[in-house]
Engineer: 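Mind having a look at this structure? Questions to follow.
Because the structure is a prediction, the values reported are computed rather than measured. Sequential numbering from 1 along the given sequence is applied to the chain's residues.
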Amino acid sequence: SSRPLYDGLVKMDLEDVTNDSLSTATGLTIKGFDLIVAADVFVYFGSLDEVLEAFASVSTPNTRLVFSCELATDEEAPLGWRLLPNGRFAHTKKHTVQSARAANFQLAQYREIVPRMERGE
């Protein structure tokens with residue numbers, strides 16, 4: 001027998017996510033998530049501080065957060081992030097790690113990967 005993978009789908013601004021707003025939107029009692037995956041999401045945010053704080057607000061003590069970012073060097077992005085010509089944001093490792101730590105996430109692993117190919121590159 002197969003089990004549903006999720007109980008509901010909610011369309012909401014990520015920076016506005018809270019357990020209460022999710023409970024209201026779904027009609028379910030939300031007490032936090034064990035896993036949050038944001039693959040190819042953070043490229044649409046400059047600073048990661050607010051979105052990671054929002055994720056922290058819907059986390060349990062043992063939540064695993066998995067996400068991808070496009071990489072920028074400290075020289076390219078003195079603020080920790082920069083807008084690329086393709087309209088997406090790239091983030092420095094320093095900004096990514098500091099923002100996650102400020103939101104009380106502990107770094108378990110950091111890997112530099114190629115998350116997508118664009119125009120053959």
Side-chain angles (χ1 to χ4, degrees):
S1 80
S2 64
R3 285 181 24 190
L5 294 177
Y6 51 86
D7 297 320
L9 181 63
V10 176
K11 181 179 176 182
M12 183 179 294
D13 187 323
L14 287 178
E15 292 177 334
D16 295 333
V17 169
T18 64
N19 287 331
D20 289 340
S21 66
L22 290 169
S23 293
T24 299
T26 63
L28 303 169
T29 301
I30 305 294
K31 295 183 180 178
F33 295 97
D34 297 320
L35 174 66
I36 299 172
V37 178
D40 206 28
V41 171
F42 290 169
V43 295
Y44 301 105
F45 292 86
S47 172
L48 299 177
D49 295 339
E50 288 184 29
V51 70
L52 286 170
E53 285 293 332
F55 285 173
S57 78
V58 294
S59 296
T60 65
N62 296 314
T63 295
R64 298 276 185 175
L65 170 63
V66 179
F67 62 89
S68 63
C69 293
E70 293 200 22
L71 184 63
T73 65
D74 292 330
E75 293 78 30
E76 295 171 326
L79 295 174
W81 50 271
R82 75 181 191 109
L83 184 61
L84 300 171
N86 61 17
R88 292 190 295 266
F89 287 93
H91 301 88
T92 64
K93 179 180 180 180
K94 181 179 176 182
H95 174 71
T96 303
V97 171
Q98 284 179 342
S99 295
R101 284 191 179 138
N104 292 316
F105 289 105
Q106 294 180 358
L107 182 65
Q109 188 176 67
Y110 178 96
R111 281 194 291 169
E112 291 183 14
I113 62 166
V114 178
R116 87 163 60 80
M117 298 291 287
E118 188 168 323
R119 297 184 189 133
E121 298 179 21

Engineer: If hydrophobic clusters are built from ILVMFWY residues whose side chains come within less than 4.5 Å, do Leu14 and Phe42 share one?
Structural biologist: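 Both belong to a single hydrophobic cluster.
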
Engineer: Are Trp81 and Phe105 co-members of a hydrophobic cluster defined by side-chain heavy atoms under 4.5 Å apart?
Structural biologist: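 Different hydrophobic clusters.
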
Engineer: Please confirm whether the backbone N or O of Asp40 pairs with a side-chain atom of Ser68, one donor and one acceptor, at under 3.5 Å?
Structural biologist: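 Yes.
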
Engineer: Between Leu79 and His95, what is the shortest heavy-atom contact and its length?
Structural biologist: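 Closest approach of Leu79 to His95: O-ND1, 4.3 Å.
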
Engineer: If you measure from CZ on Arg64 to CD on Gln106, what distance do you get to the nearest 0.5 Å?
Structural biologist: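 Here the rounded value is 9.5 Å.
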
Engineer: For the residue pair Leu84 and Arg82, establish whether any side-chain heavy-atom pair is separated by less than 4.5 Å.
Structural biologist: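 Side-chain contact under 4.5 Å: yes.
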
Engineer: Between Val58 and Ile30, is a side chain to side chain contact (heavy atoms under 4.5 Å, CB included) present by the stated rule, with each step listed?
Structural biologist: CA-CA 8 Å; Val58 294; Ile30 305 294; 5.7 Å; no

Engineer: Using a 3.5 Å distance criterion without hydrogens, assess whether the side chain of Thr92 forms a donor-acceptor pair with backbone atoms of Ala72.
Structural biologist: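 Not at all, since once roles are kept as given, no pair shorter than 3.5 Å links the two residues.
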
Engineer: Please check this pair: side chain of His91 against backbone of Phe45, looking for a donor-acceptor N/O pair closer than 3.5 Å.
Structural biologist: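 Yes: the side chain of His91 pairs with the backbone of Phe45.
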
Engineer: Starting from Val17, can I reach Leu28 by hopping between I/L/V/M/F/W/Y residues whose side chains sit under 4.5 Å apart?
Structural biologist: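 Same cluster: Leu28 reaches Val17 through Ile, Leu, Val, Met, Phe, Trp or Tyr contacts under 4.5 Å.
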
Engineer: What are the two closest non-hydrogen atoms of Phe55 and Ala38, and how far apart are they?
Structural biologist: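 In terms of heavy atoms, the two residues are closest at CE1-CB, 4.0 Å.
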
Engineer: Do Thr60 side-chain atoms and Gly32 backbone N/O form a donor-acceptor pair below 3.5 Å?
Structural biologist: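 The answer is no, because no donor-acceptor pair under 3.5 Å joins these two groups.
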
Engineer: Kindly give the heavy-atom pair with the smallest separation between Glu76 and Leu71, and that separation in Å.
Structural biologist: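 Closest approach of Glu76 to Leu71: OE1-O, 4.5 Å.
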
Engineer: With no hydrogens and no angle check, is any side-chain donor or acceptor of Thr63 less than 3.5 Å from a backbone partner on Phe33?
Structural biologist: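 Yes, the answer is positive, given that a donor and an acceptor are paired below the 3.5 Å cut-off.
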
Engineer: Taking Phe89 as the starting point, is it possible to reach Leu65 by hopping between hydrophobic residues whose side chains are less than 4.5 Å apart?
Structural biologist: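 No, Leu65 does not connect to Phe89 through the hydrophobic network.
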
Engineer: Going only through I, L, V, M, F, W and Y residues with side-chain contacts under 4.5 Å, is there a path from Val41 to Leu48?
Structural biologist: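 Yes, Val41 connects to Leu48 through the hydrophobic network.
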
Engineer: Keeping the roles fixed (side chain from Ser21, backbone from Thr18), state whether a donor-acceptor pair exists under 3.5 Å.
Structural biologist: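 Checking the backbone N and O of Thr18 against the side chain of Ser21, a donor-acceptor pair under 3.5 Å is found.
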
Engineer: Glu53 and Ala103: which non-hydrogen atoms are nearest, and at how many Å?
Structural biologist: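 Closest pair (atom of Glu53, atom of Ala103, distance): OE2-CA, 3.4 Å.
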
Engineer: To the closest 0.5 Å, what do you measure between CD (Glu15) and CG (Asp49)?
Structural biologist: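 Output value for this atom pair is 10.0 Å.
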
Engineer: Rounded to the nearest 0.5 Å, how far does OG1 of Thr96 lie from CG of Leu52?
Structural biologist: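 Leu52 atom CG to Thr96 atom OG1 measures 8.5 Å (nearest 0.5 Å).
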
Engineer: Between Val66 and Leu35, does a side chain to side chain contact (heavy atoms under 4.5 Å, CB included) hold up when you go through it step by step?
Structural biologist: CA-CA 8 Å; Val66 179; Leu35 174 66; 4.3 Å; yes

